[in-house]
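Single-structure report; data block below.
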Amino acid sequence: MSNPDNDLSSDFKDRDRRDGSVVGNRSLGRVVACDGARAIISATAEAGTTTLTELWAVGRLISISTGQSRVVALVNSMKTEQETWREASDNTIRIEVELLGEVRRGPSGHDEFTTGIARYPHLGAVAHHIRTADLRCIYNTQHTATAIIGTLSQDESIEATIDIPSMLSKHFAVLGSTGVGKSTAVTLLLRKAIEADPKLRILILDPHNEFAAAFPSHGAVINVDNLDLPFWLMRLEEFAEVVFRGRPPIPDELDVLRDLIPEAKRIFRTSSDALRRPGDKNGTVTVDSPVPYRMADLLALLDERIGRLEGRSEKPMLRSLKMRLLSVMNDPQHRFMFSSNTINDTIMETLATIFRIPGDGRPISVFQLAGIPSDIVNSVASVLCRMAFEIALWSNGGIHLLVLCEEAHRYIPSNPHLGFLPTRHAIARIAKEGRKYGVSLGIVTQRPEELDQTILSQCSTLFAMRLANVRDQDIIRSAIPQASSSTMNFISSMDNGEAIAFGEALRVPMRMRFQHVSTQLLPRTQAGAPEIQETADTVDLSRVVTRMRSVGNSDLAQNRLSQQVAQTYESRENMFHEPKYADEAMEPYRAEMLPNSDGERLEGPVLRPDMSVQEKLDALRREMQRMDPSRPLDATSSTNSPRNTSFAFRSRFSRDG
């Protein structure tokens with residue numbers, strides 16, 4: 001049957017306009033219904049043949065002729081009218097398509113694709129197998145700064161390109177189930193980003209320590225072994241997260257820190273010539289100011305407050321806070337915060353190392369979080385994201401920063417009552433205001449349902465890989481306005497390495513396959529490295545135990561300050577004990593260092609290791625009597641029997657005798 005739409009061209013040898021299997025015929029069917037967003041096409045398979053029907057497949061693009069233009073549509077679903085297939089007779093097929101845009105002749109004389117449709121298909125309009133030239137026109141971003149990231153799944157001869165500046169300026173997300181190739185896709189995108197923007201610096205929050213292998217020549221690895229992240233860079237909420245080990249802080253103890261930390265900062269500023277500025281007043285220092293201070297000064301101020309108390313109602317609380325501080329300082333896993341290097345004003349060195357300023361040819365900073373205790377990793381992430389925004393804000397556009405959050409649902413969960421609030425605020429600030437100052441956000445997660453939808457909606461470019469969970473698919477549909485239901489129907493059956501891309505960095509949604517990445521540059525943990533030949537029979541178990549304990553000779557040498565202070569203040573179980581003082585050479589602070597102090601040593605029981613148990617008991621009784629004069633000096637006059645009292649004290653201090 002003659003088709004007038006096929007007579008628009010006299011070049012019957014143009015394979016771009018013809019289906020190779022059927023010479024001279026590119027017609028697939030005719031429009032029988034159209035509502036402005038979707039259309040229904042009727043086609044006929046003559047005598048049960050499938051020559052043309054093989055071109056109909058869910059996810060394919062077709063074109064519908066409307067005179068001088070062609071409407072581009074995406075196949076959504078298809079079925080036979082009789083719901084059976086007859087081998088020897090005609091079969092009528094109904095195909096539902098979604099209208100995406102229009103290809104028409106532009107002012108320049110070349111074909112152009114627009115998402116708006118000026119002329120909709122009429123009833124009876126012919127649906128065609130789409131031309132390769134039209135496909136190239138559709139997926140051409142028409143930007144100068146484009147990057148090739150793969151090929152179209154529909155036609156592998158056509159490159160899948162994105163606009164890198166658009167992707168970075170309005171953030172992006174890579175979503176997909178475990179094992180579909182998210183990390184490989186992220187590696188490819190980051191490589192394209194640093195090629196397109198020489199000013200870009202990338203900070204990867206790497207919870208699995210896998211991206212170091214992906215950037216051997218472009219990335220600098222930062223972990224707990226080479227990191228100095230001073231505790232004084234943290235704001236009060238972040239520092240409290242460390243002190244209280246991820247648990248809710250005790251309000252009274254938090255108030256004490258709020259009062260004493262600014263005073264410790266003023267003491268350090270007064271004693272440091274480097275921080276003195278003409279006309280600078282001590283009153284401008286707040287608890288959140290990024291000004292150095294010494295933990296020794298903080299403990300001295302805490303001791304002074306304990307010594308000034310006449311009653312004992314607050315002493316247990318203050319002693320509890322003191323023990324928390326000493327415990328955190330003495331923890332080898334916190335050595336990157338309390339090492340000897342962190343007592344100086346090293347903020348410039350810290351920022352230069354973490355954010356690669358200057359980059360020295362390595363613009364990517366891989367921040368490995370696996371060695372950081374899980375109860376404080378949110379606090380560290382909060383500091384990094386907050387500083388990233390502030391650096392971009394005050395650099396006046398001189399630095400472009402990209403913060404990539406792997407396993408982002410850990411930091412910005414959908415439940416507002418979960419996660420760490422300062423981390424959520426820091427990431428949300430980048431998502432909402434970052435593009436104004438040149439800081440971008442990249443989100444990678446396998447559970448979109450557990451991710452904050454408000455922050456996800458700020459990601460204007462999205463790469464959705466295979467997701468089997470229906471709720472995760474619904475989150476993507478609601479977060480991305482242009483994510484049509486027909487496009488999302490393919491997301492549960494895509495192959496590894498495939499993705500459906502949406503957003504500002506490309507003109508229309510496309511189903512594409514990412515480029516192949518060399519095996520040597522694939523992200524992997526150390527356990528997955530091919531050169532590792534360890535087995536259960538050859539592994540050194542003692543080395544494993546040492547790493548579990550996070551204690552080593554070099555680590556202890558680097559943590560010298562923490563050891564000295566912890567040895568000076570040895571933890572005691574009895575809440576009435578004053579900590580013993582160390583020798584003068586090991587004393588981390590002196591009484592005359594305290595403001596408004598006459599240099600007099602605070603009173604308290606001195607418990608030395610060489611003292612006998614009876615001498616320790618006598619010292620404790622004198623301290624208890626000093627704190628409460630109404631208490632008899634002889635412990636035998638208490639309500640407890642002498643034998644029980646002696647046994648209770650002996651059980652507490654038998655290890656010190």
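Please read all numbers here as calculations on a predicted model, not as lab measurements. Keep in mind that the numbers below use all heavy atoms, side chains included, and drop hydrogens, waters and symmetry copies.
Using a cut-off of 4.0 Å between Lys/Arg side-chain N and Asp/Glu carboxylate O, Glu96 and Arg38 are scored as not salt-bridged. Taking a cutoff of 4.0 Å between a charged side-chain nitrogen and a carboxylate oxygen, Arg70 and Glu112 do not qualify as a salt bridge. Contact check on Arg245 versus Asp331 returns a salt bridge, with a Lys/Arg side-chain nitrogen under 4.0 Å from an Asp/Glu carboxylate oxygen. Ionic pairing of Asp225 and Arg335 is present here: one or more N-O contacts between side-chain nitrogen and carboxylate oxygen are shorter than 4.0 angstrom. Using a 4.0 Å cut-off between charged side-chain N and carboxylate O, Asp375 and Arg247 make no salt bridge.
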Check your understanding: So Phe420 and Tyr411, ring-ring contact (aromatic ring centres under 6.0 Å, His included) or not? Walk me through it.
Key -> CA-CA 7 Å; Phe420 186 45; Tyr411 315 114; over 10 Å; no
Exercise for review: For side chain to side chain donor-acceptor pair (under 3.5 Å), just list the numbers for Gln520 and Ser518, CA-CA rounded to whole Å, side-chain angles, deciding distance to a tenth of an Å, and then say yes or no.
Suggested key: CA-CA 5 Å; Gln520 291 77 14; Ser518 173; 2.6 Å; yes
Review point. Run the side chain to side chain donor-acceptor pair (under 3.5 Å) check on Glu238 and Ser382 step by step: do they pass?
Key: CA-CA 7 Å; Glu238 297 163 348; Ser382 176; 2.7 Å; yes
**Study point:** Trace of the ring-ring contact (aromatic ring centres under 6.0 Å, His included) decision for Phe502 with Phe463
**Key:** CA-CA 7 Å; Phe502 308 88; Phe463 300 90; 9.4 Å; no
Practice item. Give the intermediate values and the outcome of salt bridge (charged side-chain N to carboxylate O under 4.0 Å, His left out) for residues Glu98 and Arg60. Key: CA-CA 11 Å; Glu98 181 179 0; Arg60 282 188 175 272; over 6 Å; no
Exercise for review: Give the C-alpha distance, both sets of side-chain angles, the deciding distance and a yes or no for side chain to side chain donor-acceptor pair (under 3.5 Å) between Glu407 and Thr445.
Suggested key: CA-CA 5 Å; Glu407 302 287 353; Thr445 182; 5.2 Å; no
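To the nearest 0.5 Å, the span separating CE on Met465 from CD on Gln446 amounts to 13.0 Å. How far CD1 of Ile372 is from CZ of Phe336: 4.5 Å, rounded to the nearest 0.5 Å. With rounding to the nearest 0.5 angstrom, the NE2 atom of His516 is 9.5 Å from the CG atom of Leu521.
Closest of all the heavy-atom pairs between Leu404 and Ile443 is CD1-N, 4.5 Å. Pro121 and Thr66 make their closest contact through CA-CG2, 3.7 Å (heavy atoms, listed as atom of the first residue, atom of the second, distance). Taking all atoms of both residues into account, the shortest heavy-atom contact from Ile222 to Thr353 is CD1-O, 3.5 Å.
A donor-acceptor pair under 3.5 Å links the side-chain atoms of Ser457 to the main chain of Thr454, judged by distance alone. No donor-acceptor pair closer than 3.5 Å links the side chain of Ser289 to the backbone N or O of Val285. Side-chain atoms of Thr423 come within 3.5 Å of backbone atoms of Asn378 as a donor-acceptor pair (strictly under, hydrogens ignored). Using modelled atom types, one side-chain atom of Asp35 and one backbone atom of Ala37 make a donor-acceptor pair closer than 3.5 Å.
Counting non-hydrogen atoms of neighbouring residues, nucleotides and ligands closer than 6.0 angstrom, the CZ atom of Arg362 exceeds 12 such neighbours.
Sequence neighbours left out, the pairs with a member in residues 438-451 that pass salt bridge (charged side-chain N to carboxylate O under 4.0 Å, His left out) are Arg447-Glu449, Arg447-Glu450, Arg447-Asp472, Glu449-Arg471.
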